[in-house]
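Quick notes on the structure that follows.
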Amino acid sequence: MAKFSGTRAHVYLAMLPVWIIVLVALVSSTVWTFVISLTNSKLLPVYKFNFFHQYELLLKQPAWQVAVSNLIVFGVLFIAICLVFGFVMAIMMDQRIRGEAFFRTVFLYPYAMSFVVTGLVWQWVLNPGFGIQAAVRGLGFENFTFDWIVQPDRAIYILVLAAVWQGSGLVMAILLAGLRGVDEDLWKATRIDGIAKWRVYTSIVLPIIAPMAATATVLLAVSVVKAYDLVVALTGGGPGNATEVPAKFVMENLFARQNVALANAGAIMMLVAVIAILVPMYYARRYMAQKAEV
Amino acid sequence: MAEVSIENLDIRFGAVSVLNDLNLQIAEGEFIVLLGSSGCGKSTLLNAIAGLIDVSGGKVRIGGEDKTDAEPKDRGIGMVFQSYALYPQTTVEGNLSFGLRMAKMPKDEIARRIDRVSKMLQIEPYLKRRPAALSGGQRQRVAIGRALVRDADIYLFDEPLSNLDAKLRAELRVELKELHQTIGKTMIYVTHDQVEAMTLATRIAVMQNGVIQQLAAPEDIYERPANLFVAGFVGSPGMNFFSGHLRSEAGKAVFAINDGPEIDVSDYAFDAPLEQGGEAVLGIRPEHLFVDAGDLPLRLPFTVKVSESMGADSVLWGTTAGQKASVRFGSDLKLNPPRGSEMELGFSPRALSLFDAESGVRL
Amino acid sequence: MRMSSEKTLARTGVYAFLVISAAFFLMPFYVMVVTSLKTMDEIRVTSIFALPDTPTLQAWVTAWQSACTGLNCNGLSVGFFNSVMIMVPATVFSILLGAVTGYALSFWRPKGTGLIFGILLVAAFIPYQVFIYPLVRMLSQVGLYNSLAGIVAIHVIFGMPIMVLLFRNYYAGLPRDLFSAARVDGGGFWVIFIRLILPLSPPILIVAVILQSTHIWNDFLFGLVFAGSDNQPMTVLLNNIVNSTQGEKAYNVNMAATILTAAVPLIIYLASGRWFVRGIAAGAVKG
């Protein structure tokens, strides 16, 4: 066909690297991981299929169960606090304040830093012997206790604290961009109608910036499922297994424990979790878009 | 050499068919305007002629050669876009010469062409400037210049004046007409503006839903619209339409407006002899209705609602037998009847159009 | 004009909230800096919030030159140079790939555009653990596992989806007429890209550089798995230094090392200002 001449050939040539990456590195990797998860592979892949045996093992394994329940607690708190705190910060930033650039820089700088750095800083700040606890006791409050980082039933909240510190600025930035996009005339109209400001934010502005909030939620949710570096740096999963998470479980079974099939079953479960987040989101968006068209 | 012929053209985007089995013959030196509202397929047709979109079926011939799958640069065309589409990072001169440099044309020839075109369009003073430093009108002149330096056989215009303000639009319209008369090349021009279409075109193709509704000279489109769509689309205020019933009676053709008077339309130039009557629509342009009926043979009652003066012209809005109607007349009549006034309007059978109510086709 | 007392109260509340929030965000950084300037003796007896008595850069020197991971005492500098060696080529290649592909997808729309777009959109969200094992095997097969080229390739592969989406969205916002005009003028695929599209791309190139360089610098997982001991990036080395269980903990050195590791992205962040926010907004479009 004449269409596949000169210029067109260059287009397909330019698309080649991406197709190779997509097919080899992404699609076939995913399939391979899934296939291995159906076998009994330990250190090296052995293609003796045992189908969903590994998944059964995985779901029965206390370490995995703990990791999943930790992740749920962490995820729910982290996302909820980030959204609320980020939204309030965004609203405050939107009050024609002085020093907006300064506050924006301060709220967002942790997001520029790695999870490893975040984890190590908070590990030090919360160090029971030297950190906040020691500092407050040094002021004369001898009985002050804030040693959650070494308390098995509290350490997960420390993870939330560090993650909120790192990520809430992002929510602020996204939502502030949304607030700035709200039509000025709408604000004028609500003032003429005499509607209280907080009402406007909750009843009128919030629905308008809902798509942005949804975007932020998806970004946060996906980062929750991926959570690994922060845990390694902050608590190493401890004390005990109080802050173990699925990503770390997978990595350990992949490398330290050489339990490849089980690890890959875990990885596939993580993928399923992400899909479970994305699919409803996608349909919600389509539904909203259709509603908007009518 | 530069006639364009579109044969059985099909264009689909996925499952959506935009153009279906479209045919259009354009002779050398014509100024064809594709007129229609947005989404009618006029820009798609132009882009298909330019080779900017893939054709699903049919042929595009330019100068007798099959160019259906040819690259845009190999079609002997120059094109002007609505958003000007000037290359922002280079000067006016760079914009004009870009295509010629692509084609590896000798430097002195490029200089000669730029010189000629910039003189013709009076853009010489801006040659060293960047597009961002130009006004809208200047930018569109440069965009036209960029098409002209290509010395193409055919020039394509995609709503070139739509981004300009009313005054500039009128000025550039005249310049474009002059340009066509000067260079005499084939031009195909897309617009939704009926004034541009009426003033520029040698022939207008009125399009709707991917179909050419009528292809004719501007006067024909205006005076003898082929169907209700064309009649309603062209003209401002729009043509008056009165629903009613047409019947043949004792060698006479009679149109009875619903709940209104009967009108003898025997002197109307029917496309085909009237055989039997039926539901029909009578159309008449507002300026063909006269407040001062004089000796005009046909009459219509009219009840005034609103009167508008637009300077040279005035328009009365109201009803005839309960159906909406408007009348246009010269402001020199100094007419300003109060709301609710009843009057009788006169008109001539030659100014009429009659359409079949169901198919919309001219009778 | 005088403000009502109610309004004054509200303003005060707004500023109080902002200042307290700012303190929360700044506190760890402050602690990090003052700790790094103290001696270990001082750290043992003073509060973490106290300013150093006699500030010293000794901990910084130690962190850079001679901090230990296990028996290796070559400091963080090794990791710094490794990270630079990884970041520069990985950033350049992933941006080039993203720009060319984004351009092809938005202007030329080759067959399969919708499919690849969908795959990339999903791929941007998939947990990396899904790909790690197969990629370790594949890279070992071609001898790139534990090599600089290998870790760069990994960053290019996983940076690709977001880079392509970033550029595609930016290019989708450019007027299509411009591209059509260039085609009528006879430009081909590469000519239009280099002479027309690239000169229009600086804003998105800046965003892409910020996004990719900070991303790659901050990466821990890929560096840990794919880089090998000779190419360990700074983050991995830092974690090994701080969380190494051998010997007495030198908190001042640890904090100096942490600041040093955070320095590059922080400098990029502070220097880029609003561009960083634009990068986030652009990155957020993938949602």
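Just so we're on the same page: letters track the sequence lines, and every chain starts at 1. Values reported hereafter were calculated over all heavy atoms of this structure, with side chains retained and with hydrogens, waters and symmetry mates removed.
- A/Val225 touches chain C through its side chain: at least one heavy atom from C-beta onward sits under 4.5 Å away, while N, CA, C and O do not.
- Using a 4.5 Å cut-off between heavy atoms, C/Ala262 contacts chain A through both its backbone and its side chain.
- Of the atoms belonging to A/Met113, heavy atoms from both backbone and side chain fall under 4.5 Å from chain C.
- Ranked by non-hydrogen atom pairs under 4.5 Å with chain A, the options C/Val31, C/Ile116, C/Leu238, C/Leu105 are led by C/Ile116.
- Contact count versus chain C (heavy atoms, under 4.5 Å) is highest, among A/Tyr111, A/Phe115, A/Tyr282, for A/Tyr111.
- For the options C/Tyr133, C/Tyr103, C/Trp108, heavy-atom pairs under 4.5 Å to chain A are most numerous at C/Tyr133.
- Contacts of C/Phe131 with chain A are made by both backbone and side-chain atoms, with heavy-atom separations under 4.5 Å.
- Ranked by heavy-atom pairs under 4.5 Å with chain A, the list C/Ala123, C/Pro127, C/Pro161 is led by C/Pro127.
- For the set C/Thr35, C/Ile259, C/Val19, the count of heavy-atom pairs under 4.5 angstrom toward chain A peaks at C/Thr35.
- Interface remark: A/Val125 contributes backbone and side-chain atoms alike to the contact with chain C (heavy atom separation under 4.5 Å).
- Heavy-atom distances place both the backbone and the side chain of C/Phe29 under 4.5 Å from chain A.
- In this structure, chain A has heavy atoms under 4.5 Å from both the backbone and the side chain of C/Val14.
- Both the backbone and the side chain of A/Met89 come within contact range of chain C, judged by heavy atoms closer than 4.5 Å.
- Of the listed residues (C/Val156, C/Val100, C/Leu221, C/Ile268), the greatest number of heavy-atom pairs within a distance under 4.5 Å of chain A belongs to C/Leu221.
- A donor-acceptor pair is defined here as one N or O able to donate and one able to accept, closer than 3.5 Å; no such pair exists between the side chain of A/Ser29 and the backbone of C/Pro134.
- Contact annotation for A/Arg137: neither backbone nor side-chain heavy atoms come within less than 4.5 Å of a heavy atom of chain C.
- In this structure, chain A has heavy atoms under 4.5 Å from both the backbone and the side chain of C/Ile43.
- For A/Asp229, the parts lying near chain C are the backbone and the side chain together; criterion is any non-hydrogen pair under 4.5 Å.
- The aromatic ring centroids of C/Phe222 and C/Tyr128 lie less than 6.0 Å from each other.
- At a 4.5 Å heavy-atom cutoff, A/Phe34 makes no contact with chain C through either its backbone or its side chain.
- A distance-only check finds no donor-acceptor pair linking the side chain of A/Gln95 to the backbone of C/Arg11 [under 3.5 Å].
- If you measure heavy-atom distances from C/Val136 to chain A, the contacts under 4.5 Å come from the side chain alone.
- With a threshold of 4.5 angstrom between heavy atoms, C/Leu115 approaches chain A through side-chain atoms but not through N, CA, C or O.
- For a residue to count as touching a neighbouring chain, one of its non-hydrogen atoms must lie under 4.5 Å from one of that chain's; by this rule C/Leu120 touches chain A with the side chain only.
- The shortest non-hydrogen separation linking A/Gln123 to A/Leu234 is NE2-O, 3.3 Å.
- When each of A/Val250, A/Val232, A/Val27, A/Ile91 is checked for heavy-atom pairs under 4.5 Å with chain C, A/Val232 comes out on top.
- In terms of heavy-atom pairs under 4.5 angstrom with chain C, the leader among A/Ile277, A/Ile268, A/Val260 is A/Val260.
- With a 4.5 Å cut-off on non-hydrogen atoms, A/Ile97 touches chain C through its backbone and its side chain both.
- For a residue to count as touching a neighbouring chain, one of its non-hydrogen atoms must lie under 4.5 Å from one of that chain's; by this rule A/Leu120 touches chain C with backbone and side chain alike.
- In this structure, the portion of C/Phe17 lying under 4.5 Å from any heavy atom of chain A is its side chain and not its backbone.
- Taking the side chain as every heavy atom from C-beta outward, C/Met160 and C/Ile157 never approach each other to under 4.5 Å.
- In this structure, the portion of A/Ser168 lying under 4.5 Å from any heavy atom of chain C is its side chain and not its backbone.
- A donor-acceptor pair is defined here as one N or O able to donate and one able to accept, closer than 3.5 Å; such a pair exists between the side chain of A/Asn253 and the backbone of A/Phe249.
- Within the 4.5 angstrom heavy-atom criterion, only side-chain atoms of C/Tyr15, from C-beta onward, approach chain A.
- Counting heavy-atom pairs closer than 4.5 Å to chain A, the top residue among C/Ala22, C/Gly188, C/Ala104 is C/Ala22.
- Contact annotation for A/Phe107: both backbone and side-chain heavy atoms come within less than 4.5 Å of a heavy atom of chain C.
- Heavy atoms of C/Ile126 lying under 4.5 Å from chain A belong to its backbone as well as its side chain.
- In terms of non-hydrogen atom pairs under 4.5 Å with chain C, the most contact-rich of A/Gln166, A/Met212, A/Met15 is A/Met15.
- A pairwise comparison of heavy atoms in C/Asn252 and C/Lys38 identifies ND2-O, 3.0 Å as the closest pair.
- Contact annotation for C/Trp190: only side-chain heavy atoms (C-beta onward) come within less than 4.5 Å of a heavy atom of chain A.
- Listed here is the closest heavy atom pair of A/Cys82 and A/Gly167: SG-C, 4.0 Å.
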